[in-house]
Visitor: 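Have a look at this one before I ask anything.
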Amino acid sequence: MSPSIYNGLSQLNTSVHNELSQMNASVSNGQLQRFLHASNLERTASLISLVRPKTFRSEATQQREPPLVQGSVWKFLRHGTHILDTLAAENMHKVPHGIFTVAVLGWHIYVVNSPEMTQVIQSRSKYTGLGWISVLVMASMGGQPKKATQLLFKGVDRGDVGNGLGFVHDYHKVELRAMSLGNSLDAMQEDFVAAWDPFIESLMASVRSGHGKVDLWEWLRMSITVSVSRGVWGPKSPYCNNPILWEQFWTFNRSYNFLKYNFPRIFARRGAEAREKVVDAFVEYDENGGYETASRLAQDRAKVLEKTGLDRRELARMAMPQSVGQFDNSATVTFAVLSFILHDPELLKRIRSELKECVTEYDDQGQMSVDTLRIGRDCPLLLSTFHEVLRWIAVGVTIRRIEHDYPLTIKEDNTEYFLRKGNFIWGSGVAIHTSSSFYEDADQFKPDRFLGVRYPETQMPDIFRAFGGGGNICLGRHFARTIVPGAVGTLLMAFDFEPFNGKPLCVPNRKDLMLGHATPNPFGNTIATVKVRDA
Ligand code: HEM
């Protein structure tokens with residue numbers, strides 16, 4: 001299943017203006033059709049339905065939905081789905097059972113803001129699912145034509161994990177197998193390092209030859225994209241063999257953020273052109289037998305997709321949603337962890353000493369080498385910092401669609417709520433991550449916070465929501481937990497970083513989240529003066 005479901009509702013918004021127009025006819029939900037065809041004015045008018053009386057009942061069933069919480073239309077227009085997190089945080093102890101309703105465009109979104117209720121909704125795969133949303137996002141990101149979209153949607157209405165229908169079920173199964181701890185994950189990580197180490201060496205050479213001013217965000221977008229792609233698609237990865245393809249991917253990726261800019265059509269057109277270049281490259285990769293040397297993940301995904309009846313170009317289009325989850329989050333979080341550490345000289349010192357002690361070796365000539373793959377495993381402070389950065393910046397939303405009318409009984413007091421089929425759930429990780437009820441000094445960045453907790457998403461699944469949870473928990477989390485600390489650790493051992501022209505690096509802010517992503521790209525200064533460290 002696509003990693004790009006992170007922000008499904010945002011994605012629905014995004015898709016109104018760009019790629020989704022091609023697939024309108026193939027998505028059966030009438031509300032979605034109305035949303036897609038509505039003008040801005042109509043959408044604005046619909047949003048006014050946010051302001052409604054405090055309680056209401058479903059007209060169709062006369063059964064009671066969770067209590068309605070009023071929202072500000074203008075804030076919604078300005079901040080998009082971020083307003084759902086704000087409402088979730090504001091109402092943390094005000095709604096009785098950790099769930100309330102926000103009405104938008106005729107949909108009712110059920111916002112969940114308690115750890116207990118989050119666990120409940122993510123575990124009821126009979127009623128709540130991600131499959132339909134995932135297929136919608138995958139098809140739109142890939143720019144799939146109508147026929148291919150219909151093929152992908154076949155059997156998917158109830159096609160989430162556990163229901164066994166639609167291709168997403170098999171897709172999820174093979175992704176889970178390939179990315180769980182074990183041999184195929186190890187091989188992906190080793191392939192990542194095979195591409196990453198030469199990037200570090202070439203940056204050293206470039207800095208030594210006088211190019212010390214480095215845009216770290218640009219450099220990371222290139223090096224992480226190429227290295228992760230090598231881990232997934234192997235040595236013949238199109239991103240490894242075409243030096244500018246990574247830029248095409250990021251041009252496409254940026255175009256999803258049209259609401260942030262005033263000229264959506266211009267951005268969307270450039271993004272659409274860039275996407276076709278990436279798709280061309282993946283068609284060529286397939287024709288030249290690229291999958292033969294790819295990871296098990298890429299090979300098994302391709303086998304499942306072939307059964308859907310997509311043609312070669314349509315199959316190549318699936319590389320787009322795969323790329324977004326793999327590249328965007330990895331690059332963003334690497335930049336964020338690096339930046340948070342560089343802002344805290346004491347933390348930097350402690351992490352360097354941990355790296356030196358645990359994963360660094362020197363040969364007879366005094367040449368230093370760092371074992372990239374051991375960093376995430378053997379450097380607890382760096383790992384804890386990684387998790388604290390995620391608590392700090394990740395959206396951690398658990399988005400689900402109600403697949404069947406869902407009678408939700410609250411055990412403690414037998415309250416009965418009714419969640420209507422076709423509506424969406426927004427489980428707010430942000431509300432939980434920022435609440436002092438669940439995290440001591442929640443408003444402070446504490447790099448030691450997760451010391452001794454190697455897998456917070458399963459050791460404290462109710463309150464660590466950065467990777468989502470339940471049957472659809474992020475499948476790339478073990479990969480990310482190895483390669484992000486690995487990348488940051490090798491950079492910190494190889495280089496010193498100083499503010500360029502006195503300006504420190506920016507730190508990503510979760511309020512800058514781009515639509516359709518799990519973590520925010522940095523906005524602000526990303527340039528540093530880089531020096532090679534003495535061994
Ligand atoms: C630190 C970086 C990352 C973060 C914060 C992150 C976060 C997330 C979140 C929040 C979800 C949705 C979970 C839910 O709905 O319950 C998700 C799903 C997913 N992620 Fe990640 N992710 C990251 C990196 C990656 C990477 C590098 C990959 C692939 C190599 C990946 C692959 C996936 C997949 C395949 C899913 C879909 C799971 C499903 O459909 O059941 N993720 N991720």
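Hydrogens, waters and symmetry mates play no part in the numbers below; they use all other heavy atoms, side chains included. Counting starts at 1 for both ligands and their atoms, in listed order. For the single chain, residues carry numbers from 1 onward in sequence order.
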Visitor: Could you tell me whether Ile473 approaches ligand 1 through its side chain, its backbone, both or neither, with non-hydrogen atoms closer than 4.0 Å?
Guide: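 Only the backbone of Ile473 comes within reach of ligand 1.
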Visitor: Using a 4.0 Å heavy-atom threshold (strictly under), name the region of Arg477 that reaches ligand 1: side chain, backbone, both or neither.
Guide: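 It is neither; nothing of Arg477 touches ligand 1.
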Visitor: For Pro461, does its backbone N or O pair with a side-chain atom of Arg465 as donor and acceptor, under 3.5 Å?
Guide: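 Confirmed, Arg465 side chain pairs with Pro461 backbone.
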Visitor: Is the side chain of Arg400 donor-acceptor paired with the backbone N or O of Leu130 at a distance under 3.5 Å, no angle test?
Guide: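 It does not hold such a pair.
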Visitor: So, is Ser330 polar-close to ligand 1, with some N/O to N/O distance under 3.5 Å?
Guide: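 In this structure, Ser330 places no N or O atom under 3.5 Å from an N or O of ligand 1.
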Visitor: Determine whether the side chain, the backbone, both or neither of Asn472 has a heavy atom under 4.0 Å from any heavy atom of ligand 1.
Guide: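 Both of them.
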Visitor: Please state which option from Gly396, Ala480, Ala336, Ala466 has its nearest heavy atom closest to atom 10 (C) of ligand 1.
Guide: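 Result: the heavy atom closest to atom 10 (C) of ligand 1 is in Ala466.
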Visitor: With distance as the sole test, does Ser339 use its side chain to make a donor-acceptor pair with the main-chain N or O of Ala336 at under 3.5 Å?
Guide: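 Checking the backbone N and O of Ala336 against the side chain of Ser339, no donor-acceptor pair under 3.5 Å is found.
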Visitor: Between Asn521 and Asp328, do the side chains contain a donor N or O and an acceptor N or O under 3.5 Å apart?
Guide: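 Checked: Asp328/Asn521 side chains pair up, N/O donor to acceptor below 3.5 Å.
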Visitor: When only distance counts, is Arg301 in polar contact with ligand 1, meaning an N/O pair under 3.5 Å?
Guide: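 Min N/O separation from ligand 1 is not below 3.5 Å for Arg301.
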Visitor: Phe327: which residues meet the ring-ring contact (aromatic ring centres under 6.0 Å, His included) condition with it, sequence neighbours left out?
Guide: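 Partners of Phe327 under the ring-ring contact (aromatic ring centres under 6.0 Å, His included) test: Tyr239, Phe249.
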Visitor: Consider every N or O of Arg465 and every N or O of ligand 1, then say whether any pair is closer than 3.5 Å.
Guide: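 No, there is no polar N/O contact under 3.5 Å.
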Visitor: Show me which atoms of ligand 1 lie under 4.0 Å from any heavy atom of Val333.
Guide: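 Those atoms are 1 (C).
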Visitor: Would Gly469 count as a contact of ligand 1 if the rule is a heavy atom under 4.0 Å away?
Guide: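 Yes, that is the case, since the closest heavy atom of the residue is under 4.0 Å from the ligand.
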Visitor: With respect to atom 42 (N) of ligand 1, which of Cys474, Gly325, Ser134 exhibits the smallest heavy-atom separation?
Guide: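 Of the listed residues, Cys474 has the closest heavy atom.
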Visitor: Less than 6.0 angstrom from the centroid, inside 45 degrees of the normal: does Arg317 satisfy that with respect to the ring of Phe282?
Guide: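 No, Arg317 does not sit over the ring of Phe282.
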